[in-house]
Amino acid sequence: MEFKSDIEIAQETELLPITDIAAKAGIDEKYLEQYGRNKAKIDLSFLKESKQPDGKLILVTAINPTPAGEGKTTTSVGLADGLTKIGKKAAVALREPSLGPVFGIKGGAAGGGYAQVVPMEDINLHFTGDFHAIGAANNLLAAMIDNHIFQGNALNIDPRKITWKRCVDMNDRQLRYVTDGLGGRMNGVPREDGYDITVASEVMAVLCLADGMTDLKERLSRLIVGYTYGKVAEQKPVTAGDLHAEGAMAALLKDAIKPNLVQTLEHTPAIVHGGPFANIAHGCNSVTATRMALKISDYCVTEAGFGADLGAEKFLDIKCRMSGLRPNAVVVVATVRALKHNGGAAKERLGEEDLTALKTGLPNLLKHVSNITDVYHLPCVVALNEFPTDTPAEIELVKSECAKLGVNVVLSRVWAEGGEGGKELAEEVVRLCEEPNDSFSFSYELDGSIEDKINAIVRKVYGGKGAVLTAEAQKQAKQLEAMGYGNCPVCMAKTQYSLTDDPTRIGAPTDFEITVRSLRISAGAGFIVALTGEIMTMPGLPKSPAAERIDVDENGKITGLF
């Protein structure tokens, strides 16, 4: 059988006009703003005017990512197609890819094989310009801060206490720390500055959590950009609202706030919108996109970034808490290969049967599953992405261990077979969604101290002993509580590769502590960010970036994109 790359498969597929996909989803053409033939934005008025009841919500998450791959986005797309195959009206809601990883470590991020959202080249490269608008709004605010200081500094902003960074949607370690405003008085006030990747900007989080333009502007006005001169007790936060920046920022975001409609290879409606990373932000597509997908389907499949300790935890403890959304079922994605990697098997030997390594690595999957069932009290199924090298004994071992937790394991073949390979998973998801369940709970409540909430996440979700806050983090916690932010949820910035804050500790460790080195408030988004370990908000390119293998010919045909 001839092997085809993801981009070759996508380019060979005949796409339906986006107006046909909208009609299939029950979206009148008056709500569409077309971007060419195969993409469109959906006007926010659709949500207000639609009379359709909400469908069931299915969350797709996974074990901690490994070099062996898990296929969470591929499973999400294939599951939506599988639901369609068994006669259900389905839609999938996903995040937009960031250009940083596309050109950096892994290439495209629109699914894979025969379970993709398309047009995949457009989705991976610029799409409808949402990320550019978010970056422009972020950097407009940065420019207004420095201009305010240059023009006399009526707000008494201390340049040493500016917390707002500029951003760019690219992995660029050179920009993590910069000094700007050099070259004399007319070129600004010299100060230390820095860049975040756009997906780490609080503007991204605000856009993804806002429920409309009014809420967006209110959230933007609450963005804290720095603090005034004075002793610690005398310092006052300075906001975007103090700078009168929220209106202009919202003007830049007026189109970006509208979700994007595309399709899968099998023409299932797909809404792709927003893109915060789950290791440094809250890792979910926009609330508005999820609500729209629920309106156009009986079963809405959505995905949260990285493993369940990051994406699913933030989806449930932050997004669900703020929006009132509740999943009807959760899918945890794993592969035999990835589990053997967690058990210590060498990457080059993952294709060999190794029940010992598999049994050693299985606790990582079981921890994520038990979090869903025992911490959040949600029904769960394990989707085991099948590889040709998986043996019956290995598959049976995974099934038997999950059965001890009362959870079924279903083989997923969506990469090779598309929706046809997702029918069994779709049947199990429908069964779970039909079961009555009103026991959902968060992993922590909002009362109590900031440290209490962090400890709850570490102990319940990660399985550790607790958190250790550095002296600086303890000081910041007291300041934030004194400022009235003590009851905000916590967004943990942590490595995606481990349940701990050490990316080399794979499996499911138990005797560990999480070190929180600093805390910062995202007042617009409405949560406190806890930075752990060596996590950074501006990634770097790897030694051999994907950009070296991406090209385009004279006819505009792109190659090398995943």
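Values below: all heavy atoms of this structure, side chains included; hydrogens, waters and symmetry mates excluded. Computed from a predicted model, the values in this text were never measured in an experiment.
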For L411 versus E386, what's the shortest heavy-atom pair and its separation? CD1-OE2, 3.8 Å
Could R37 and D20 be called an ion pair, given the rule that one side-chain N must be under 4.0 Å from one carboxylate O? no
Looking at E427 and K423, is any side-chain nitrogen of the basic one under 4.0 Å from a carboxylate oxygen of the acidic one? no
Electrostatic pair E246:R219 at N-O distance under 4.0 angstrom: no
Rounded to the nearest 0.5 Å, how far does SG of C208 lie from CZ of R95? 9.5 Å
Indicate whether any N or O donor in one side chain lies under 3.5 Å from an N or O acceptor in the other, for T198 and N138. no
Please indicate whether Y497 has more than 12 foreign heavy atoms, meaning atoms of other residues, nucleotides or ligands, lying under 6.0 Å from its OH. no
Going from CG on L44 to CZ on R291, what distance comes out if it is rounded to the nearest 0.5 angstrom? 12.5 Å
Might you confirm whether atom CD of E29 has over 12 heavy atoms from other residues, nucleotides or ligands at distances under 6.0 Å? no
Please say whether the positively charged group of R321, taken as NZ for Lys or CZ for Arg, lies over the ring of Y444, i.e. under 6.0 angstrom from the six-membered ring centre and within 45 degrees of the axis. yes
Please walk me through it: do D43 and K30 pass salt bridge (Lys or Arg N to Asp or Glu O under 4.0 Å)? CA-CA 9 Å; D43 193 85; K30 70 181 181 180; over 6 Å; no
Heavy-atom closest contact (S297 atom, A91 atom, distance): CB-N, 3.6 Å
Check: V117 and I123 side chains under 4.5 Å, non-hydrogen atoms: yes
How about K217: does its NZ atom have over 12 heavy atoms from other parts shown lying under 6.0 Å from it? no
With side chains defined as the heavy atoms from C-beta onward, is the minimum distance between I63 and V333 less than 4.5 Å? no
Side chains of H273 and S286: is there a donor and an acceptor less than 3.5 Å apart? yes
When rounded to the nearest 0.5 angstrom, what distance separates CD in E428 from SG in C433? 10.0 Å
Carboxylate-amine/guanidinium contact E396 K399, below 4.0 Å: no
Taking the side chain as every heavy atom from C-beta outward, state whether E266 and K85 have any pair of such atoms under 4.5 Å apart. yes
For the residue pair T290 and K319, confirm or rule out a side-chain donor-acceptor distance under 3.5 Å. yes
Quick check with a 6.0 Å cut-off and a 45 degree axis cone: is R326 positioned over the face of F440's six-membered ring? no
Are side-chain heavy atoms of E394 and L339 found at a separation under 4.5 Å? no
For a 4.5 angstrom cut-off between non-hydrogen side-chain atoms, does T66 reach I506? no
State, with a plain yes or no, whether a side-chain heavy atom of D81 is found less than 4.5 Å away from one of L265. no
Once you round to the nearest 0.5 Å, how far does CG of N64 lie from NE2 of H368? 3.5 Å
Side chain proximity check, D54 to K295, heavy atoms < 4.5 angstrom: yes
Measure across C380 and V407 and return the closest heavy-atom pair with its distance rounded to 0.1 Å. O-CG1, 3.5 Å
Heavy-atom pair of closest approach, residues K460 and V375: O-CG2, 3.8 Å
Looking only at heavy atoms, the pair that brings E401 and L366 closest together is O-CD2, 3.9 Å
Would K41 count as a cation-pi partner of Y31, with NZ or CZ less than 6.0 Å from the six-membered ring centre and within 45° of the ring normal? no
Which of L94, V414, V118, V60 passes side chain to side chain contact (heavy atoms under 4.5 Å, CB included) with V77? Answer is L94
Salt bridge between K258 and D130, side-chain N to carboxylate O under 4.0 Å? no
Nearest 0.5 angstrom please: I27 CD1 to I296 CD1, how far? 4.5 Å
Before giving the answer on side-chain contact (heavy atoms from CB on, under 4.5 Å), spell out for L325 and L57 the whole-Å C-alpha distance, their side-chain angles and the decisive distance to 0.1 Å. CA-CA 8 Å; L325 294 168; L57 181 59; 4.3 Å; yes
Beyond-backbone contact of L47 with T288, side-chain heavy atoms, under 4.5 angstrom: yes
Do the side-chain N and O atoms of S201 and D196 include a donor-acceptor pair separated by under 3.5 angstrom? no
Nearest-0.5 Å distance that lies between atom CD1 in I271 and atom CG in L261: 6.0 Å
Hey, are T75 and N385 close enough side-chain-wise for a donor-acceptor pair under 3.5 Å? yes
Is the shortest side-chain N to carboxylate O distance from D122 to K39 below 4.0 Å? yes
Under a 4.0 Å N-O cut-off, is there an ion pair linking D298 with K56? no
